[in-house]
Amino acid sequence: MIYNDPVFFKIAEALLVEYTSVYYIDAKTNEYQWYSADAEFQSLHIEQGGKDFFKNLRRDADQVIFEEDKHIFMRDIQKENLLSLVGKGSKRQIEYRLMIDGKSVYHALSLIRGAGDTDDYFILGVKNIDKEVRERQQAELFQHEREIYNQIAESLAGHFDTLYYVDMETNEYFEYSSTDIYKSLNIPTKGKDFFSESLKNMKKFIHEEDQERVIPLFYKHTMLRNLKNAKTFSVTYRLMMSGTVMHCRCLQIRASDRKHILVGIDNINDEVRARELLEETKKKSVTYGQIVNSLALRYDVIYYVNGETGEYLRYSSDVISNDPSVHFEGNDFFAEVVKTIDTVVYAEDRDRIRSLIDKDYIITSLGNTKQYSADYRNSVNGRTEHKRGTVMRANDKVHFIIGLENIDEEVKK
């Protein structure tokens, strides 16, 4: 036995500076000696020494080791494995959880095999690393969440040509540009005063015909007012880029911390060109008036909806046949139509019509057919009106045409 071995005490004194508990095990006889000055280990009533360390290890582990980690002591560090896995003079470290006062506490077991020619022994040092592990896990979780947030932010930022992150308390800002067009303007990527910088840049780059309308929308008090009761605010205008007009949409978003505002600017030249091309086509088409007149006879209202942006034109039958240029414009058909459904559509029909007018449903349905229709009831001033909505895909594959007609007479018949 080694109870009074001075070597043991020297090892223990040195290791106990860092370790809460130290074991010395004779690899030939399995005899062991244990010492700990840690109150938590003393409270576990583990024997100070014994004849068979590995037998007692299995017994004690079953009582005090966290259930999922018991295999480490029941199997992994039993004598047969240790002799084959840990060579003389080598060291291994194992992390596990010890149950103390009903709670799992992380510990590290440093296992050293003696390097002497005649001696064969193991020294096990146990260290409480619970705080270290919890902090590491928290850091890993934070890093994982940060990576997710960064991916989301990058994906969202990619939808804009340039994006500003503005501190509404200090006026400081950061700018991110995803296109070379905005980078060529040489606007600083960060600055001390977003509003003064914006004013200078807008006077320099915004089309002179749009400046009076647009510039006041970028004043600090105006932005705060527009976003006081709304999550977003948008405005379209024109930029002059090297003598060329570029149509833009600016979306202002209040950040969740209520201290910052995101200002995203998107190039909408393609949308504007498509709209202008449509208008030009309407004017040039000899048959356009006849088509519109024919549709007007059938439909009370016609919507021309951009399936990508949600922007739409609304034509009413009482004016469309006389003057096709008279129409109403909107920015988000799919959001506004839901409000209309909740207001006028008969309660029992609302869920069905909402699903049939959903953007994804329209895209999927019109992938297999040219059009589809749905009948429903409106409740107006206590009177029920029977309606039919027909959804068609436009030839440009981007827009939808939605016609609404009164079918009261058909239902009566």
Ignoring hydrogens and angles, tell me if any N or O in the side chain of [X] forms a donor-acceptor pair with the backbone of [Y] under 3.5 Å.
X: Gln211; Y: Lys203; result: yes
X: Asp161; Y: Asn267; result: yes
X: Arg352; Y: Asp375; result: yes
X: Thr369; Y: Leu366; result: no
X: Asp167; Y: Glu172; result: no
X: Asn30; Y: Phe53; result: no
X: Asp300; Y: Asn406; result: yes
X: Lys70; Y: Asp62; result: yes
X: Arg350; Y: Val345; result: yes
X: His107; Y: Val105; result: yes

Provide the closest heavy-atom pair for [X] versus [Y] in the form atom of the first, atom of the second, distance.
X: Arg377; Y: Glu348; answer: NH2-OE1, 3.7 Å
X: Thr390; Y: Ser373; answer: OG1-OG, 2.9 Å
X: Val263; Y: Cys250; answer: CG1-SG, 3.6 Å
X: Gln93; Y: Ala108; answer: NE2-CB, 3.9 Å
X: Leu313; Y: Glu329; answer: CD2-CG, 3.3 Å
X: Asp52; Y: Lys55; answer: OD1-N, 3.1 Å

#### Entry: Stepwise side chain to side chain contact (heavy atoms under 4.5 Å, CB included) test for Ser104 and Met99
CA-CA 5 Å; Ser104 62; Met99 296 302 296; 3.9 Å; yes
[X], [atom1]: over 12 other non-hydrogen atoms inside 6.0 angstrom:
X: Asp257; atom1: CG; value: yes
X: Gln143; atom1: CD; value: yes
X: Phe66; atom1: CZ; value: yes
X: Glu140; atom1: CD; value: yes

### Task
Compute whether any side-chain donor of one residue and acceptor of the other, for Gln137 and Tyr106, lie under 3.5 angstrom apart.
yes
Is there side-chain contact between [X] and [Y], with at least one heavy-atom pair below 4.5 Å?
X: Asn378; Y: Thr384; value: no
X: Arg59; Y: Gln63; value: yes
X: Leu224; Y: Arg254; value: yes
X: Gln78; Y: Leu57; value: yes
X: Arg275; Y: His247; value: no
X: Trp34; Y: Leu124; value: no
X: Arg97; Y: Glu68; value: yes
X: Tyr32; Y: Asn56; value: yes

### Task
Evaluate the side chain to side chain contact (heavy atoms under 4.5 Å, CB included) criterion for residues Arg354 and Asp342: first the C-alpha distance (whole Å), next the side-chain angles of each, then the deciding distance (0.1 Å), finally the verdict.
CA-CA 9 Å; Arg354 281 195 208 99; Asp342 291 340; 2.5 Å; yes
### Query
Below 4.0 angstrom, N of the basic side chain to O of the carboxylate: do Lys339 and Glu336 qualify?
no
### Query
Do the charged groups of Lys127 and Glu132 touch, with an N to O distance under 4.0 Å?
no
To the nearest 0.5 Å, how far apart are [atom1] in [X] and [atom2] in [Y]?
X: Ile341; Y: Leu356; atom1: CD1; atom2: CG; answer: 9.0 Å
X: Tyr376; Y: Lys387; atom1: OH; atom2: NZ; answer: 6.5 Å
X: His399; Y: Tyr303; atom1: NE2; atom2: OH; answer: 16.0 Å
X: Phe334; Y: Thr309; atom1: CZ; atom2: OG1; answer: 9.0 Å
X: Ile261; Y: Tyr173; atom1: CD1; atom2: OH; answer: 15.5 Å
X: Ile206; Y: Lys204; atom1: CD1; atom2: NZ; answer: 13.5 Å

Look at the aromatic rings of [X] and [Y] and report parallel, tilted or perpendicular, splitting at 30° and 60°.
X: His260; Y: Tyr165; answer: parallel
X: Tyr361; Y: Tyr372; answer: perpendicular
X: Tyr96; Y: Phe73; answer: perpendicular

### Pair Tyr24 and Tyr121, ring centroids less than 6.0 Å apart
yes
### Task
May I ask you to check whether Phe400 and Phe333 place their ring centers less than 6.0 Å from one another?
no
### Stepwise side chain to side chain contact (heavy atoms under 4.5 Å, CB included) test for Val126 and Val22
CA-CA 6 Å; Val126 179; Val22 176; over 6 Å; no
### Task
Test side chain to side chain contact (heavy atoms under 4.5 Å, CB included) on Met202 and Tyr237 and set out the steps.
CA-CA 11 Å; Met202 285 189 289; Tyr237 54 89; over 6 Å; no
Could you list the donor-acceptor pairs under 3.5 angstrom formed between side-chain atoms of residues 215-222 and any protein atom two or more places apart in sequence or on another chain?
unit_1	atom_1	unit_2	atom_2	d
Lys220	NZ	Met168	O	2.7
Lys220	NZ	Asn171	OD1	3.0
Thr222	OG1	Pro216	O	3.0

